2 protein chains.
Amino acid sequence: MSKREKVLDTAVKMIIENGIQNTSMGKISKNSGVAVGTIYHYFESKEDLITEIYRNLKIKMLERVIENSQPMDDLYDYFKSSIKLLIKYAEENPIEFEFMERHHMSPVIDAKVKEEIENRYKKGVKKIFKMLDEEGLLKEDISLELIIQYFQSSVMGLVRSYINGEIKMTEKEIEQLIQMIWDGITK
Amino acid sequence: MSKREKVLDTAVKMIIENGIQNTSMGKISKNSGVAVGTIYHYFESKEDLITEIYRNLKIKMLERVIENSQPMDDLYDYFKSSIKLLIKYAEENPIEFEFMERHHMSPVIDAKVKEEIENRYKKGVKKIFKMLDEEGLLKEDISLELIIQYFQSSVMGLVRSYINGEIKMTEKEIEQLIQMIWDGITK
DNA sequence: TTTTTACAATTGAATGTTCATTCGGTTTGC
DNA sequence: GCAAACCGAATGAACATTCAATTGTAAAAA
């Protein structure tokens, strides 16, 4: 692992554990074994480092979950497997997932980066909803924007409470939740 | 307004605007016209002040939205009006709402206070879901916990994106969203 | 009524700490 | 021998918190 990666890796973990304000550059240096000066060789500032962390993680998640999901003949199966991919990702990377959720609204992270990510996300999700729409499965008279927002709010919120330990999720519960979300958007 | 209230009031606004780390006790003192020493007369520490803000706002919201909602004969109407109460509250207090959402997961806020609030919330929400259950309206074989979590995730997520300006919500869209959530939980 | 007393409210300068960032220098790889 | 990678002590600003002193206040004592 390069020094740059070591810094990024250590910083995410520390920030999740103690919050941004309790994670000083000095501590990141000590914990990662990379000198303060070197951190500044790779990152302009602390804000820059944090924004970079956010950007990297979001892109990694998008690539794994949305951009690599394979369309299927049965659209309900496709819908289901997409959500399961997200759940799997969150299970395997709970720390990273929590970081993203917690800093989604943070004013520290550059607005341009947030927008870039948001657009990329919307583009990926639209693909599946366009297919559902063309098959006439979606509720009528409701805008695609609204349906996507409902979808995104439910899914992210539920995965978050799963990761936070607020609910248990075995295979059975996952199937039930996906069914609920599906019933919300289809006729 | 007492000095104590002045401090609380100024602090919420500043924290929403600039985040916790950019809101120093010195600045709160200057903006509120209350000396630093006086702030420490009323609050043990900065953490204590922030936790107090969180607690006050949550309780205010719970009282307005849940604990004062009046049961109705038609359960769909009751369900609908409860969600509308929350939307109305968020519209009227967007700054406070944003503060609560942003700091819901923050490690700064005392875990005991979070739990106290969480229990109070769950208790209020359970009332309506028990009624729906007794009427046999809910989907079968799904635990009440899961249904409530689905409800809470969808509603809070959607109101949040409304307040953040990510979606528009006229009366028509509100009705549609409530219908979607309802279809998710009922047979 | 006036004076005394006690205590709560209020003040802001002073303290000690922590922190992000810089910079002059050293090491490494090519 | 050159440039990029790397180092960590030094700097100065910002900050949370403390505290000795002052003011307000309300009740008890005179």
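Quantities reported herein were computed from a predicted structural model and do not represent experimental measurements. FYI, side chains are in, hydrogens and waters are out, and symmetry mates aren't considered; it's all heavy atoms of this structure. In what follows, every chain begins at residue 1, and chains take the letters A, B, ... in the order their sequences are listed.
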> Output the rounded distance in Å from CD1 (Ile50(B)) to P (dT17(D)).
10 Å
> At under 4.0 Å between heavy atoms, what does Ser45(B) touch on the DNA or RNA strands: base, sugar-phosphate, or nothing?
sugar-phosphate
> Map Gly26(A) and Gly37(A) onto DNA chain C by nearest heavy atom, then report which one ends up closer to the 5' terminus.
Gly26(A)
> OH of Tyr40(B) versus P of dT15(C): gap in Å, rounded?
17 Å
> Tell me what Thr38(B) touches on the nucleic acid: a base, only sugar-phosphate, or nothing, going by heavy atoms under 4.0 Å.
base
> Quick check, are the ring centers of Phe97(A) and Tyr162(A) under 6.0 angstrom apart?
no
> When you measure from the side-chain N and O atoms of His41(A) to the phosphate of dC6(D), is any distance below 4.0 Å, counting only OP1 and OP2?
no
> Report the distance from atom CD of Glu47(B) to atom P of dC15(D), rounded to the nearest whole Å.
17 Å
> Send over the distance from Phe43(B) CZ to dA9(C) P, rounded to a whole Å.
13 Å
> Rounded to whole angstrom units, what separation is found between the CD1 atom of Ile20(B) and the C1' atom of dA16(D)?
14 Å
> Provide, to the nearest angstrom, the distance between the CG atom belonging to Asn22(A) and the P atom belonging to dC15(D).
15 Å
> Is any side-chain N or O of Lys30(B) closer than 4.0 Å to OP1 or OP2 of dG12(C)?
no
> For Lys27(A), report the nucleic acid contact type (base, sugar-phosphate, nothing); a contact means any heavy atom under 4.0 Å.
sugar-phosphate
> Classify Tyr42(B) by what it touches in the nucleic acid, base, sugar-phosphate, or nothing, heavy-atom distance under 4.0 Å.
sugar-phosphate
> With a 4.0 Å cut-off on N to O distance, would you call Arg120(A) and Glu67(A) a salt bridge?
yes
> Please tell me if the side chains of Met131(A) and Tyr78(A) come closer than 4.5 Å, counting only heavy atoms from C-beta onward.
yes
> Check the distance between dT11(C)'s C1' and Met25(B)'s CE and give it to me in whole angstrom.
15 Å
> Just the rounded figure in Å: distance from P of dT22(C) to CD of Glu44(A).
10 Å
> If you look at every strand shown and take non-hydrogen atoms under 4.0 Å, does Thr23(A) touch a base, only sugar-phosphate, or nothing?
sugar-phosphate
